[in-house]
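What follows is one structure encoded as structure tokens, with my remarks underneath.
Numbering of residues begins at 1 and proceeds along the displayed sequence. Computed from a predicted model, the values in this text were never measured in an experiment.
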Amino acid sequence: MIRPAIIIVDMLNDFVTGKLRAERATNVIAPLQQLVAAARKCSVPVIFSNDAHYPQDCEITQKWDQHAIKGTPGAEVISELAPDLTKDYIVEKRTYSGFYETGLDSLLRDLYKGEGAKTVILGGLHTHMCVRHTAADAFFRGYHIIIAKEGVDAFTEQDHKQGLEYLEKVYGAKILTIEEISKTFKH
């Protein structure tokens with residue numbers, strides 16, 4: 001795996017226990033804890049891509065109602081995956097994609113002493129929406145995409161499975177287990 005970076009998508013209070021709670025969200029907490037721990041141990045960058053909406057954002061006004069409003073507890077990463085502010089990165093987003101009008105691409109290109117990350121490993125919520133749109137923008141920017149198999153989920157099993165199929169078929173994403181991913185990290 002060439003210069004990997006972990007991107008944890010929307011593991012926020014509002015999606016796990018709050019306003020847009022997904023029952024299935026708790027399934028990915030322990031696997032993502034394992035992934036993040038393995039990444040930190042091997043100095044693989046960990047980036048949290050988090051909704052941080054303004055009340056007038058179209059996701060709020062047209063689709064999902066109030067959720068993950070910037071500066072509120074609902075927009076904070078769940079305590080089980082709390083970012084290590086001494087080494088992890090937080091990139092706020094206002095749309096489904098972690099790349100759209102954010103500094104994520106610049107951050108990825110600055111990693112590894114300016115050589116840039118080449119592989120993004122995605123985990124979090126929701127397989128068919130924010131993970132999918134983040135993967136799309138990663139694909140269009142030339143990154144290799146890996147999906148942490150047990151580290152992503154969605155509102156329903158159907159949404160999740162369709163999301164995985166789409167990511168694999170359309171973006172050439174590799175679907176790997178946390179164990180498979182962790183074994184590729186250089187110690």
Write down the atom of [X], the atom of [Y], and the distance for their closest heavy-atom approach.
X: T95; Y: H53; answer: N-CE1, 4.4 Å
X: C130; Y: V9; answer: CB-CG1, 3.7 Å
X: I121; Y: P4; answer: CD1-CB, 3.9 Å
X: L167; Y: A135; answer: CD2-CB, 3.4 Å
X: Y89; Y: P45; answer: CE1-CB, 4.3 Å
X: R40; Y: V46; answer: CG-CG2, 4.3 Å

Answer yes or no: is there a side-chain heavy-atom contact under 4.5 Å between [X] and [Y]?
X: Q162; Y: T127; result: no
X: D51; Y: H67; result: yes
X: L108; Y: F99; result: yes
X: F185; Y: K41; result: no
X: Q66; Y: I60; result: yes

How many angstroms lie between [atom1] in [X] and [atom2] in [Y], if you round to the nearest 0.5 Å?
X: K118; Y: Y112; atom1: NZ; atom2: OH; answer: 12.0 Å
X: E76; Y: D14; atom1: CD; atom2: CG; answer: 10.0 Å
X: I175; Y: L164; atom1: CD1; atom2: CG; answer: 5.0 Å
X: T134; Y: I47; atom1: OG1; atom2: CD1; answer: 11.0 Å
X: Y96; Y: W64; atom1: OH; atom2: CH2; answer: 6.0 Å
X: T102; Y: N50; atom1: OG1; atom2: CG; answer: 11.0 Å

Inset, instruction - Start with the C-alpha distance between L104 and D137, add both sets of side-chain angles, then the distance that settles side chain to side chain contact (heavy atoms under 4.5 Å, CB included), and finish with yes or no. - result: CA-CA 10 Å; L104 181 57; D137 283 345; over 6 Å; no

With sequence neighbours excluded, what pairs up with [X] under the side-chain hydrogen bond (donor to acceptor under 3.5 Å, both in side chains) test?
X: D10; answer: K93
X: Y166; answer: R132
X: E80; answer: none

Side chain of [X], backbone of [Y]: donor and acceptor closer than 3.5 Å?
X: R24; Y: A154; result: yes
X: S49; Y: I8; result: no
X: R94; Y: D57; result: no
X: D110; Y: L107; result: no

Please tell me whether [X] and [Y] are part of a single hydrophobic cluster in this structure, the criterion being side-chain heavy atoms less than 4.5 Å apart.
X: F139; Y: M129; result: yes
X: I69; Y: V91; result: no
X: L81; Y: L85; result: yes
X: V170; Y: V131; result: yes

Show me, pair by pair, the donor-acceptor contacts under 3.5 angstrom made by side chains of residues 142-150, not counting sequence neighbours?
from: Y143; atom 1: OH; to: D105; atom 2: OD1; distance (Å): 2.6
from: E150; atom 1: OE1; to: I178; atom 2: N; distance (Å): 3.1
from: E150; atom 1: OE2; to: I178; atom 2: N; distance (Å): 3.3

Inset, instruction - Pick out which of T72, L125, I78, V77 makes a side-chain contact (heavy atoms from CB on, under 4.5 Å) with L12. - result: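 Of the listed options, the one satisfying the test is V77.
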
Inset, instruction - Using a cut-off of 6.0 Å, state whether more than 12 heavy atoms not belonging to Q158 lie near its atom CD. - result: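 No, not enclosed.
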
Inset, instruction - Can you run down the salt bridge (charged side-chain N to carboxylate O under 4.0 Å, His left out) pairs that involve residues 174-184, sequence neighbours left out, and say none if there aren't any? - result: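 For residues 174-184: E179-K183.
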
Legend entry - Sequence-distant partners of K19, salt bridge (Lys or Arg N to Asp or Glu O under 4.0 Å), two or more places apart: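 Expected list: none.
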
Inset, instruction - Mind running side chain to side chain contact (heavy atoms under 4.5 Å, CB included) on Y54 and K70 for me, showing each step along the way? - result: CA-CA 6 Å; Y54 295 117; K70 183 178 175 70; 3.7 Å; yes

Legend entry - Geometric class of the F155/H128 ring pair [parallel <30°, tilted 30-60°, perpendicular >60°]: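 Ring orientation, 0 to 90° scale: perpendicular.
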
